[in-house]
Novice: 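Just passing along the structure, written as structure tokens.
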Amino acid sequence: MELLKTKIQPLIEEAVEGLGVDSSLVGRMLQPSTGHTWPPVCDLSLPCFQFAKKLGMAPPAIAELLCEKIGEHEAIQEVKALNGFLNITASPSWLAQQLLSGGVGQRSDDERREVLIEHTSANPNGPFHVGRARNAILGDTLVRLHRLWGDKVTAEYYVDDMGKQVAVLAWALENMTEREVETLLADREPINPQWAEKADHQRVRWYQAAQLRRKDSADSEAIESAIGTLVHASEHGDQGVLDSFEQAYQPVLDGMLETLGRLGIHYDRFTKESLFVTNGDVAALMKELGDLEINGVADNGAQFLDLGQRGLKGKTEFFYRRGDGSSLYATRDIAYHRWKWTQCNELINVLGEDHRLQAQQVGLTLEELGERRPEVMFYSFIKLPEGKMSTRRGNVVFMDDLLEEAQAHAAEVLKERRPDLDPATMATIAEAVGTSAVRFNIISVSPEKGFTFRWEDALSFEAGSAPFVMYSHTRACSIRRNVEAADPSFITQPPQIEPFEGEMPAGLVELLRTLAVHDDRLSKVVKEHRPNLFANYMLQLSMAYNMFYRDCYVIDQGKVNPFFFAVSEMARTTLKAGMEALGLVALETM
RNA sequence: GGACGUAUAGUGUAGUUUGGAUAUCACUUCGGAUUUCUAAUCCGAAAACCCGGGUUCGAAUCCUGGUACGUCCGCCA
């Protein structure tokens, strides 16, 4: 709790110095109590173990001594020695005053940054499946969290508009008939009629059929060489070929973006990979790389960097140029990164764990060129209970299907709970609940941990899920509506808040404490790229609000309590902003 | 074979960067609250740090050796 720490640190330092020990460590040692217990036993805690040796005293005794030395302070409710810790609890009325006066959460300009976040960047060759969605959901959440913090963010999608995957798609659309495609895919699950008009679902079948023919047909060699020619042309910047590629993939990409849009995921900019080939950046880059100390040349003229000399373990040769002089994917990625650095002062990539090595190579090369390396948030792949997700084996869950299912499930729950609602409202709420639950289910797990997709988890609407948070928010909204009905002046001209008299109910204290650590948590989450911690915070905030709701009646016997209402409103706006930062729909009624 | 990542109650997870208290939250199980400012709620109980060694007053956290799972090791993208 930084809010409290800045106020009372001098007080503690003085007390520590009074014992005759160095107080310079106090700043580092004075921490929120360890988060192992919820609710926390206190707001700030000073472990006294390090002083024990110097003073020749037992830590609990030191804590006792310090405890006696700390004087009264308006911000402190209680100082207590316990098990060798000096525990400080903030005064709830002081917290309330700080929070309600609006002084909390102001960011100075030098804390705001221009951030470019690249995420998703999936090959436009087929519909989004749940595996790919982890990238988009994590990336978009990071974008939103940075915006909540006050950063200026550009969300960017790097479009893979050249190379083999798109070439296969373009070749298939040009050379195969629908009948041929369907014959080849006869033993696969047919296209879901619901998506029959959606280009990503349509065209992926051409792609899949072509993949089969490439492997396993009489003319596979001829096909391979035709595709090879296309790839080669695209890598040399042949505009005609690039245009035909675009015609092939753009409708697919549009379909994918439609799916993402349903989850509230949007981009500020799309940058095409081919740009860096056609504008000469890649050629210039390869020339520059060739002059580096660690450059090497293979027998056929291909070139690489020996990154072993820069500490890379395992495979040390990093090829950036083929024997025929053309560039590789990673080479273009480096050119792309140099360009990205001209657009921002902080760069974040969201990448699957399969990109770890390549990200190392790109990072080391950028440093070799005198650039900074980007920060990367890696995530591990989503599996199905049956095993790895694979389009080839038909073992996939499409996002489009998941979202439909989630919506339907939410509609079912709603029908029982709110039979009074009209169908249109019900559909809107069900859509919001469904998509929010799907996002939350994925966000709330640490990115680097493995994730197994389970329908029952994704569609769970109980405590610990998005609807739990959403529900707390609707309660706060409902209270606001009731207050407005009881006395509109509370909304139009909020009254002066009198300090709270007497002892605060537990739920109120808990809510104030939780609101008070909002900025601490957000700051950590944004700096360390860990959206799941904020999801966790939102659950805590919702729980705290529910406790407050239990203990404090904003409207009691028709009369509005101004203090409770002010706290409720603060929680409501904090909940709303936090939900938006996680991409959850902040419904006002559900 | 090599590089990297992960391992916490029956299940899913937080905490590990910076060692410190009774290890978080939920599902499940068991028990309780309700003529409610929206019960998709609240209160209570039971239940876990992969295995071995080391450092330390103190290890889920740091070091080391195993085991299991995942990812990568293309002049592919």
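Chain letters run A, B, ... following the sequence lines, proteins first, then strands; residues in each count from 1. Here the structure is a predicted model, which is why all the values come from computation and not from measurement.
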Novice: At under 4.0 Å, does any side-chain N or O of A:K315 touch on OP1 or OP2 of B:C75?
Specialist: yes
Novice: Which parts of nucleotides 41-46 of chain B does protein reach within less than 4.0 Å, heavy atoms only, written one letter per nucleotide 5' to 3' as B for base, S for sugar-phosphate only and - for none?
Specialist: SSS---
Novice: For B:A14, does OP1 or OP2 lie under 4.0 Å from any side-chain N or O of A:K449?
Specialist: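 So the side chain of A:K449 is within the cut-off, an N or O lying under 4.0 Å from OP1 or OP2 of B:A14.
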Novice: Test your reading of the model: is there a side-chain donor-acceptor pair from A:S478 to the backbone of A:T474, 3.5 Å cut-off?
Specialist: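 Not a single qualifying donor-acceptor pair exists.
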Novice: Does the side chain of A:N295 come under 3.5 Å of the side chain of A:Y320 through a donor N or O and an acceptor N or O?
Specialist: yes
Novice: For A:Q309, look at atom CD and say whether over 12 heavy atoms of other residues, nucleotides or ligands are found less than 6.0 Å away.
Specialist: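 Yes, the 6.0 Å shell around CD holds more than 12 heavy atoms from other groups.
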Novice: For a quick test of reading the model: is some side-chain N or O of A:R332 closer than 4.0 Å to OP1 or OP2 of B:C76?
Specialist: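 No.
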Novice: Looking at A:R322, does any N or O in its side chain come under 4.0 Å of the phosphate oxygens OP1/OP2 on B:C76?
Specialist: yes
Novice: Reckon A:S446 has a side-chain N or O less than 4.0 Å from the OP1 or OP2 of B:A14?
Specialist: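 For B:A14, OP1/OP2 do have a side-chain N/O of A:S446 under 4.0 Å.
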Novice: Of all the base pairs, Watson-Crick or G-U under 3.5 Å, which form stems of three or more consecutive pairs involving RNA chain B?
Specialist: B:1-7 with B:67-73, B:10-12 with B:25-27, B:29-33 with B:41-45, B:50-54 with B:62-66
Novice: For residues 552-566 of chain A, please give each side-chain donor-acceptor pair under 3.5 Å, one per line with the distance, not counting sequence neighbours.
Specialist:
| from | atom 1 | to | atom 2 | distance (Å) |
| --- | --- | --- | --- | --- |
| A:N561 | OD1 | A:F563 | N | 3.0 |
| A:N561 | OD1 | A:F564 | N | 3.0 |

Novice: Pick the C1' atom in B:U16 and in B:U8, then give their distance to the nearest Å.
Specialist: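 So the two C1' atoms sit 11 Å from each other.
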